[in-house]
Amino acid sequence: MCGIVGYIGPREAHPILIKGLKRLEYRGYDSAGIAVLNSTLKVYKTKGKVSDLEAFLVDKDISGTIGMAHTRWATHGEPNNVNAHPHFSQSEELALIHNGIIENYAVIKEELIQHGYVFQSNTDTEVLIQLIEYIKKSSGSTLLEAVQSALCQVVGAYAIVILSKTDRSTIIAARKGSPLVVGIGQDEFLLASDASPIVEYTKDVVYLDDEEIAILQRGEKIKIKTIRDVEKHPEVTKLELNLSQLEKEGYDHFMLKEIFEQPKTIRDSYRGRINEGNDVISMAGIIDHIDRFMNARRIIITAAGTSWHAGLVGEYMFEDLARIPVEVEYSSEFRYRNPIIHETDIVIAISQSGETADTLAAIELAKSKGAFIYGICNVVGSSIARASHAGSYTHAGPEIGVASTKAFTAQVTVLALMALAIGRKRGTIDTPTFHRLVAELQTIPEKVEQTLGLDKDVKEISKIFTYSRNFLYLGRGYNFPVALEGALKLKEISYIHAEGYPAAEMKHGPIALIDREMPVVVIATNKGTYDKVVSNIQEVKARQGRIIAIVTKGDSTVKGLADFCLEIPETEEMLVPLLATIPLQLLAYYIAVNRDCNVDQPRNLAKSVTVE
Ligand code: M6R
């Protein structure tokens with residue numbers, strides 16, 4: 001979704017701003033803009049990519065040591081030059097960039113029109129800056145007071161940055177429900193919607209909290225006030241991010257780099273959480289709240305997209321190992337139902353970005369009903385991590401490709417650790433099983449490495465299916481969420497229609513779709529239901545569907561039936577998703593590359609979905 005960068009300090013602002021926008025491109029956007037303060041306040045913006053903005057700026061005066069820039073992902077008003085940010089106030093004294101949605105913008109706009117305000121764009125953002133100007137002028141207040149007053153009136157989510165023509169040494173920024181990070185350098189401040197544009201300049205950052213306003217002035221320390229004028233002490237934290245994590249490092253795409261990082265990222269997800277004797281799993285979030293887990297009557301997992309698929313894997317794990325009933329909910333549905341939630345419920349919210357608006361709202365709802373919230377997030381300091389009572393980071397490092405890959409396997413790893421730790425404490429798994437599973441988990445990075453060796457085979461297979469119009473993915477048990485995830489990867493980045501199904505459900509409808517044009521990906525590694533999956537494969541074959549099968553090394557039955565077979569190393573059933581997902585990620589990747597699709601920034605998609 002939208003990206004924000006701001007700078008105030010001794011250097012020229014625009015190179016930092018443009019570079020920062022490039023670092024945020026992965027979030028998804030459709031237009032870009034910049035504002036700089038020099039002799040006056042200048043705003044330039046255009047539909048299209050950051051490179052289009054750069055081309056547009058070539059002959060413009062954009063010098064100045066204070067400025068802000070934005071990438072917009074359209075919500076209110078189509079993507080065009082006028083709707084792009086920054087937006088000026090009527091007198092052009094103020095300019096604003098904004099992430100989020102002002103929900104009551106229509107009412108405010110109507111009132112401002114009564115006061116003679118004229119609007120250039122269709123955006124909710126322009127309404128906010130006009131409101132700030134109106135309050136400032138009509139009440140004679142300072143800019144900070146006007147911002148506070150306006151933010152008390154608006155309903156919705158925002159991360160905003162404001163520049164004023166009449167104050168050349170100050171940036172004002174605020175957030176609610178949409179992330180904003182302030183970087184503190186040597187006599188300079190940076191601002192961004194995540195840390196990636198900042199890390200090159202400083203590792204000292206302050207994450208703003210909801211309804212906080214940062215006042216950044218040259219030569220002064222950062223000041224933070226709430227929208228109700230309460231002074232806050234800025235809490236400076238150190239970034240753990242490295243610049244190299246934000247580069248492609250020789251790979252053609254971030255997605256491919258991230259797929260190949262998985263042996264390391266899975267290891268990083270369990271590193272330091274398992275003791276040497278394989279008999280203790282230490283997760284602070286569980287240990288500190290062990291009574292909650294011991295007494296839990298139910299676990300509700302809430303998430304969206306790929307994180308929801310990880311949640312489905314978690315459901316099997318918690319039920320198998322900890323014997324706690326689990327429900328897995330789409331956050332977007334859960335938040336608008338009237339769910340029955342008890343104080344003995346544990347709500348696990350899973351999110352790579354930690355900013356997904358629906359998941360945040362689901363958390364708030366569950367919290368208000370007394371549930372205990374456990375967050376599983378990848379982005380440190382993210383909103384969901386901070387809104388949770390406890391949690392675990394997945395430690396997969398920054399995921400730049402819009403299609404989630406390494407975050408999924410890291411989430412599944414953390415869920416496995418949790419299920420094992422809780423099962424052990426509750427006495428629902430015996431000691432030998434616990435040891436066996438914990439030991440096996442630690443072989444997974446090596447087995448992922450071996451699975452990545454399928455890369456060339458998958459690339460070859462992808463050529464045969466580049467122009468397929470539909471795909472079906474089938475799996476059972478732990479492999480059902482893998483089928484869903486494989487289908488999601490393919491649709492997201494190659495724009496081919498794909499559906500994931502529990503293999504046995506095929507007979508109840510999707511079988512009607514099967515003909516010689518239909519590729520069917522079957523994950524056929526299950527031990528318990530192997531014969532049943534083989535029968536499903538026979539049914540597809542009988543209708544001339546083409547089978548791509550993921551099987552356990554040494555399998556001969558499916559090999560004899562499938563058109564293409566990809567062998568993965570043998571592992572425990574609950575850990576198969578960590579391996580079986582890999583060839584499906586590669587298949588989606590290569591098909592998208594063959595189709596010349598924008599793999600890392602697929603059309604219409606955003607990396608973190610911070611609006612509903
Ligand atoms: O950041 P989150 O994990 O909360 O994001 C949830 C979904 O938006 C995300 O998984 C989405 O489905 C990805 N594009 C999947 O590849």
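Just so you know, ligand 1 is whichever comes first in the structure, and atom 1 is the first atom listed for that ligand.
Residue Ser351 has at least one N or O atom closer than 3.5 Å to an N or O atom of ligand 1. Ligand 1 has an N or O atom lying under 3.5 Å from an N or O atom of Val402, backbone or side chain. Looking at Thr356 next to ligand 1, an N or O pair under 3.5 Å apart turns up.
The distance from ligand 1 to the heavy atoms of Gly305 drops below 4.0 Å at these ligand atoms: 10 (O), 12 (O). The contact set between ligand 1 and Ser307, taken as ligand atoms under 4.0 Å from a residue heavy atom, comprises 2 (P), 3 (O), 10 (O). Under a 4.0 Å criterion applied to the non-hydrogen atoms of Ala403, ligand 1 contributes the atoms 16 (O). Within the listing of ligand 1, atoms 15 (C), 16 (O) sit less than 4.0 angstrom from a heavy atom of Lys489.
For Glu572, the salt bridge (charged side-chain N to carboxylate O under 4.0 Å, His left out) partners are Arg436, not counting sequence neighbours.
The pair Arg337-Glu333 does not meet the salt-bridge criterion, since no charged nitrogen lies less than 4.0 angstrom from a carboxylate oxygen. Salt-bridge annotation for Glu460 and Lys456: absent, with no side-chain N of the basic residue lying under 4.0 Å from a carboxylate O of the acidic one. A salt bridge links Lys238 to Asp204: at least one charged side-chain nitrogen sits closer than 4.0 Å to a carboxylate oxygen.
Residue, atom and distance of the protein heavy atom nearest to atom 6 (C) of ligand 1 are Ala304 O, 3.3 Å. Looking at atom 15 (C) of ligand 1, its nearest protein heavy atom turns out to be Thr306 OG1, 3.0 Å. Looking from atom 8 (O) of ligand 1 to the surrounding protein, the closest heavy atom is Val609 CG2, 4.0 Å. Protein heavy atom in closest approach to atom 1 (O) of ligand 1: Ser353 OG, 2.6 Å.
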Go through it in stages, so that I can follow the logic: the residues are Ile348 and Ile299, the test is side chain to side chain contact (heavy atoms under 4.5 Å, CB included), and I'd like the CA-CA distance, side-chain angles, deciding distance and then a yes or no. CA-CA 7 Å; Ile348 300 179; Ile299 291 175; 3.7 Å; yes

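Of the heavy atoms in Glu492, only side-chain atoms (C-beta onward) come closer than 4.0 Å to ligand 1.
Between His253 and Tyr589, the angle of the ring planes goes over 60°, which puts this pair in the perpendicular group of the 30/60° scheme.
Remark: the Thr302 side chain and the Ser331 side chain contain an N/O donor-acceptor pair separated by less than 3.5 Å.
Screening residues 312-321 for side chain to side chain donor-acceptor pair (under 3.5 Å) gives Asp320-Tyr478 as the qualifying pairs, with residues at least two apart or on separate chains.
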